[in-house]
Amino acid sequence: MNRLMKAIGFVVVCFIAAPLVIVVPMSFSDARSLQFPPPGYWLGYYEAYFTDMSWLRPTWNSILIASATTVLTMILVVPATFALVRHKFYGKSVANVMMLMPMAVPHIVMAVGYYSYFGQMRLVHTHLGVILAHSCLSVPIAFLVLSANLKGFDRTLERAAQSLGASPMRTFIHVTLPILRPGLLISALFAFIQSFDETVVAIFISGRDAETLPRKMFDSIRQEADPVIAVISTLLFVVVLIGLLTPYLVKALRGRLRKTNAGSEAPPAALAPQE
Amino acid sequence: MSSYLNLSGVNKMFGDFQALDDVNLDIERGEFVTFLGPSGSGKTTTLMIIAGFEQATKGRITIDGKPLDGLKPYQRNIGIVFQNYALFPHKTAVENVYFPLQMRGVGRREGLEKANRMLELVGLKGFSERHPKELSGGQQQRVALARALVFEPSLLLLDEPLGALDKNLREQMQIEIKRIQKRLGVTTIFVTHDQTEAMSMSDRIVVFDKGRIEQVADPLELYHRPNTRFVAGFVGESNIMAGHVVDATAGLAECAVFGSCRYPADDRFSNGQAVNILIRPEHLKISRKAPESGEWATMTVDTIVNYGDNALVIGHSGDHPVRVRVLGADVVIIKEGEDCHISWRPEAVHIIAET
């Protein structure tokens, strides 16, 4: 039984990881279009990516739009989450549903909506239009992450801070914010990734001027199956990997630093309580 | 002369529920006062009103003659140790203790020095750079205490701070808290539902029940002369029997269980008044033979609980349960299921008015 489960697990993992295994070698391929296994290897497509403005411009667009989306999302989500998690008010459950709505509605529906609605406001084919649309899609994700964090936050800590002489504002800055920092960072990261990743809405409204990387990749694979796509996929994979591993690396490094410090420290005083 | 901390006519409503009903209390400077009561009795609510986290529906509170109304919690200069300690997880022990000084504009160098001295006072020398999660429960407790004291608060509030500790550590911390409190001379209110904790630590105990103060007294007074049946039952073990006064001037009462009982005459009672008769278990003496003089009754022994140095004998007289505390050496004279005699001296009998 146990063996069977392991075998099934192995197959599933292989199946999930397969795209990665295929994409990485394809980025080094010298074939003229996407082909697996690659007939030979070279770095030509990396050079092509880093020298071709028609790839670099969408990359820049994507970074810009994702950054702006993250900022706008957090400006909206942080106060909204505090209000929805901590306070009772009339229409709260409706507000809660509204926050999550963009996640429930299919992206294609949202995209069509934005296309016609933003068209009238002359926001189609502009950075601002894409940022607004992406923020709308990022809000529910960022909200879910942050509200989970905030629900687990022990409010006695805030009371303690106030009893120690901190005004509500200083309590927020010195206690609430630092303790929620990991939650805020993850929430922002999710907002960034969702925007960077988003394709459907971008295809509809980003146009030529605000063209994002996923849109450009989609166009490219439809027209010519340019292996540069594999290069970009590999680069994105590496970036995400670094992002995911950083916290662990930092933690491990800190642990080692503390150990060295503790080693050089004087032994605890004899006065120390025996507990 | 007016007291240091004064509560007068404090009422608190939560919707229709009256959490506090006309609480009046005076506490002197430097006193260690315990709020004792079951959960929901209003002791924590009173504490939170003093701290400023709850608003009294009615009534006023003054510290050193200055009213607290309208002052926010952070303007009150009151130190609090919370039940779960509420240490800031992202700060080290010394940074936690420095925090109230930082909020008062004390410079980092001077503040950290002062925080370290306070940690030393609570016995945590050498632990200042640790984060809360690297400290044991007792150590976290000490950090919380240091943090609540370092800014020289006008009042120290302790909200069931020992609840999460095991028995040995709890006793150790009781002594420790008392020592530090005496040394700094800070006026302290300690909230607990544990009556032994209240007895061992307090200058005075305030017993709460159902949002009202039942009695304010020093521990021995509270134990030996409880004002109400609730206090008698809540503080220490007790035998409480319903009866009535026969002769108020001579000090004679009667109850169905023990028959007639003499008690120290008290002119607050009148002939025929319904009363409760209280005799503490350790004031009852067990013997096999009937005593030749004095007052006594018979009892059937049901259970004997041995603690080594002493034993609790649980039995019944008629159909009323009786508890007797005997010294460990004396327990050999009786066995479960047997009948025996119990006797007591009139001074041990305390009469409580039926309310």
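Convention: sequence-line order gives letters A, B, ...; per-chain numbering from 1. Keep in mind that what you see is a predicted model, and the values were worked out from it rather than measured.
Applying the side chain to side chain donor-acceptor pair (under 3.5 Å) rule to B:D194 yields the partners B:T196; only residues at least two apart in sequence or on another chain are considered.
Most heavy-atom pairs under 4.5 Å with chain A: of the set B:M103, B:R147, B:R104, this distinction falls to B:M103. The most heavy-atom pairs under 4.5 Å with chain A, out of B:A148, B:P89, B:G79, come from B:P89. With chain A as partner, the option from B:I80, B:N168, B:V81, B:L157 having the largest number of non-hydrogen pairs under 4.5 angstrom is B:I80.
Looking at B:Q102, both its backbone and its side chain come within 4.5 Å of chain A, counting heavy atoms on both sides. Only the side chain of B:N84 comes within contact range of chain A, with heavy atoms under 4.5 Å apart. Heavy-atom distances place both the backbone and the side chain of B:F53 under 4.5 Å from chain A. When heavy atoms are compared at a cutoff of 4.5 Å, B:R76 does not approach chain A at all.
Summarising the geometry, atom OG1 belonging to B:T192 is positioned 9.0 Å from atom CE belonging to B:M201; distances are rounded to the nearest 0.5 Å.
Residues of residues 153-182 of chain A lying under 4.5 angstrom from chain B, judged on non-hydrogen atoms, are A:D154, A:T156, A:L157, A:R159, A:A160, A:A161, A:Q162, A:S163, A:L164, A:G165, A:A166, A:S167, A:P168, A:R170, A:H174, A:V175, A:P178, A:I179 in numerical order. Taking 4.5 Å as the heavy-atom cut-off, none of the residues of residues 81-106 of chain A approach chain B.
Side-chain contact check for B:E160 and B:H193: at least one donor-acceptor pair (N or O, by modelled atom type) lies under 3.5 Å.
Annotation: side chain of B:L20 is in contact with side chain of B:I49 (closest heavy-atom distance under 4.5 Å).
Counting only residues at least two apart or on different chains, the ring-ring contact (aromatic ring centres under 6.0 Å, His included) pairs with a member in residues 74-95 of chain B are B:F88-B:F99.
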